[in-house]
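First the structure, in the form of structure tokens, and then the observations on it.
Since the structure is predicted, the reported quantities are computational estimates derived from the model, not experimental observations. Below, chains carry the letters A, B, ... as their sequence lines are ordered, and counting in each starts from 1.
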Amino acid sequence: MANPQHAGTQCPGRRSMAGLPGALIIGSMLILALPALAATDSERIDELQRQVKALQNEIPQMDSGMHHSPSGEGLPLHGFMDVGFVLNTREYPKAAKTGFYMGALSLYLSPHFGDNVKGMVEPLFEVTPQGDWEVDVERLQIGYTFNDAATVWAGRFHTPYGYWNTAFHHGAQMQTSVFRPRFLDFEDKGGILPAHTVGLLSTGKFGTDSGRFSYDAYVGNGPMIIGGNTALQTLGTMDPGNSGDSDHSALAGVNAGYEFSGGMNGLRLAVHAMSGNIDTETEMPAMHYETGLNVTGGSAAYITNDWEVMGEYFRFNNKDKSGTSVTPGGTHNSRAGYLQAGRIYHDLTPYIRLEKALLNQHDIYFSSQENGQSYSRQALGLRYYLNPNTALKLELLNSRFLPDAARAALAYRSLHVQYSIGF
Amino acid sequence: MNSALFRFWFCLALTLLLCPSANAGDIVVITNSGIAVSPDEVRDIYTGEKQFSGSTQLVPVDNAALQEDFLSAFMQMDTVKYNRLWTKKLFRDGLAQPAMKPGDAAVSAYVRRTAGAIGYVSTVPPGVKIIQIKSVQ
């Protein structure tokens with residue numbers, strides 16, 4: 001009998017020896033095949049790497065030739081649009097005509113060119129009191145941002161005085177009320193302040209522990225008051241000088257503010273000043289006047305989840321430089337201001353506004369402008385947000401104008417309904 | 001052998017304890033690793049008041065899956081007020097509202113590859129800098 005233990009030790013060896021040729025064959029094939037497989041994968045990886053590199057090179061080349069929005073999602077078109085209805089107790093040129101009206105369509109684009117260069121274009125389509133369509137370029141500016149504290153813009157921009165002119169401007173849907181305060185009207189509506197300036201604007205903010213300093217400083221073409229015609233009994237409007245400074249007299253100003261944080265978050269206090277020579281030219285008779293415009297004042301805004309409160313004050317200390325007024329070479333003081341308060345109840349905001357302007361009619365700057373008459377006005381209104389982009393407003397106005405040498409006293413009440421969207 | 005095993009588990013526990021991690025219900029503010037931003041600056045960045053970190057332009061992005069909780073916890077406002085704020089910012093200063101990304105993966109990938117990018121996610125991804133973690137529960 002064979003020793004099972006002995007047999008046991010021999011059998012595995014035999015099996016192993018028997019499988020050795022097969023293992024050698026398979027091993028040899030693998031040794032021969034692996035480099036080939038490895039070479040194939042390596043080539044594929046190299047090819048993919050080459051393709052990735054090529055794409056990486058193409059993307060910056062494509063991107064460098066394109067403007068883009070900061071969001072990286074193309075250049076979106078935004079805008080505001082409004083329509084409305086007016087009911088007046090008196091028909092008068094200073095009051096809007098009774099009936100339905102088309103408001104304005106304001107479009108704006110803000111292309112960015114890299115991290116520092118950006119643009120702003122705002123064409124405006126509106127209807128004139130005569131019923132004609134009019135297209136204005138409200139803003140056309142190109143800026144360079146150095147850092148948070150300094151962005152310099154060149155072109156035509158919203159003149160940064162007070163709060164309203166830059167915060168809302170043509171954005172009817174954004175503002176609480178239907179209308180701007182009358183003395184802050186746009187130049188082509190007879191407004192007494194240059195709502196736009198063509199020139200240079202520097203703006204920025206500095207953070208502190210308790211809030212943030214902000215500033216706007218600008219210099220630009222001196223506007224002119226043109227179009228006044230005594231024979232036709234028409235008054236002039238302000239021309240910001242889009243194509244150049246006709247009277248070679250610059251307008252300069254500053255608006256410096258402080259935005260509180262912490263417990264007083266939402267409060268902004270600011271002071272502003274503006275100075276420049278304003279020429280007035282009338283036709284029939286052809287006359288030329290020069291006024292040294294000096295404006296100082298302040299603004300306050302308190303915007304929270306529950307309140308929208310804002311107010312502005314302007315003091316004019318204008319100098320007669322042409323010596324043609326009742327007090328040749330003298331100065332004329334005037335003032336204007338408003339205070340508006342709104343309480344926010346979710347989508348509903350009832351508001352009230354008081355505004356008043358006492359404008360010296362010996363000052364050719366006011367007596368030659370459509371809105372240069374002294375007045376007081378009270379507004380009571382309601383804004384309702386139908387959705388985040390749509391506002392429906394109802395506003396009651398009580399307006400009273402004081403008589404002066406060229407204009408009669410006037411008082412009227414009006415009801416305004418405005419339907420406005422922002423997109 | 002026991003001593004080595006103990007050291008291994010101790011080091012692992014310490015690493016897990018010290019390494020910032022997000023729990024369920026947390027929102028983590030992350031930035032690209034190339035910029036320095038403090039937690040105090042997150043609100044200013046998402047309101048457009050702070051646009052630069054050094055010379056690098058900051059690029060905040062929103063996370064659609066977490067935006068409501070983020071605005072409530074970090075900004076103390078709702079989406080309506082946030083959108084109105086940005087409408088004003090765009091109109092006045094030409095600043096665009098942060099782009100909206102669909103979720104954590106898209107935000108993490110964008111922040112990792114974009115210089116100056118800042119976003120918020122619910123779980124900490126690798127390759128980014130963690131600025132702040134807040135619980136929204």
request  = With the side chain counted from C-beta on, respond yes when Glu308(A) and Arg343(A) share a heavy-atom pair under 4.5 Å apart, and no when they do not.
outcome  = no
note = Within residues 47-54 of chain B, contacts to chain A at heavy-atom distances under 4.5 Å involve Glu49(B), Lys50(B), Gln51(B), Phe52(B)
request  = Starting at OG1 of Thr159(A), measure out to CE of Met274(A) and round the result to the nearest 0.5 Å.
outcome  = 7.0 Å
inquiry  = Is it the case that the side chain of Gln175(A) and the backbone of Val178(A) share a donor-acceptor pair, with hydrogens and angles ignored and the cut-off at 3.5 Å?
reply    = yes
ask   = Between His196(A) and His169(A), how do the two ring planes meet: parallel, tilted or perpendicular, split at 30° and 60°?
value = perpendicular
inquiry  = I'd like to know if the side chain of Ser72(B) pairs up with that of Asp69(B) as donor and acceptor (distance under 3.5 Å, no hydrogens or angles considered).
reply    = no
Crowding at CG, Asp209(A) (>12 non-hydrogen neighbours, <6.0 Å) = no
task = Assess the side chains of Asn165(A) and Arg180(A): does a donor N or O sit below 3.5 Å from an acceptor N or O?
result = yes
key: Electrostatic pair Asp44(B)-Arg212(A), nearest N-O below 4.0 angstrom   = yes
ask   = In residues 257-266 of chain A, which residues are in contact with chain B at a heavy-atom separation under 4.5 Å?
value = Glu259(A), Asn265(A)
inquiry  = What's the separation between atom CG in Leu267(A) and atom CD1 in Ile303(A), rounded to the nearest 0.5 Å?
reply    = 10.0 Å
task = Please state whether the side chain, the backbone, both or neither of Glu122(A) comes within less than 4.5 Å of a heavy atom of chain B.
result = side chain
inquiry  = Is the shortest side-chain heavy-atom distance between Ile27(B) and Ile133(B) below 4.5 Å?
reply    = no
query = Does the distance from a Lys or Arg side-chain N to an Asp or Glu carboxylate O, for Asp306(A) and Lys81(B), drop under 4.0 Å?
reply = no
task = Tell me whether the centres of the aromatic rings in Tyr120(B) and Phe74(B) are closer together than 6.0 Å.
result = no
note = Greatest number of non-hydrogen atom pairs under 4.5 angstrom with chain B, of Lys205(A), Arg139(A), His158(A), falls to Arg139(A)
query = Just wondering, more than 12 heavy atoms not from Glu68(B) lying within 6.0 Å of its CD?
reply = no
ask   = Do any of residues 82-90 of chain B have a heavy atom less than 4.5 Å from a heavy atom of chain A, and if so, which, in residue order?
value = Arg84(B), Thr87(B), Lys88(B), Lys89(B), Leu90(B)
query = Hey, is the main chain of Ser106(A) close enough, under 3.5 Å, to the side chain of His170(A) for a donor-acceptor pair?
reply = no
key: chain B contact via Phe157(A) - side chain, backbone, both or neither, heavy atoms under 4.5 Å   = neither
query = Does Gly342(A) offer a backbone N or O that forms a donor-acceptor pair with the side chain of Arg383(A) under 3.5 Å?
reply = no
request  = Give a yes or no on whether the backbone of Ser108(B) and the side-chain of Lys101(B) come within a donor-acceptor separation of less than 3.5 Å.
outcome  = no
inquiry  = Pairing donors with acceptors under 3.5 angstrom, does anything connect the side chains of Thr349(A) and Tyr385(A)?
reply    = no
note = Partner of Ile45(B) under side chain to side chain contact (heavy atoms under 4.5 Å, CB included), picked from Val37(B), Val29(B), Val59(B), is Val37(B)
remark   = Taking a cut-off of under 4.5 angstrom between non-hydrogen atoms, the residues of residues 145-153 of chain A near chain B are Thr145(A), Asn147(A), Asp148(A), Trp153(A)
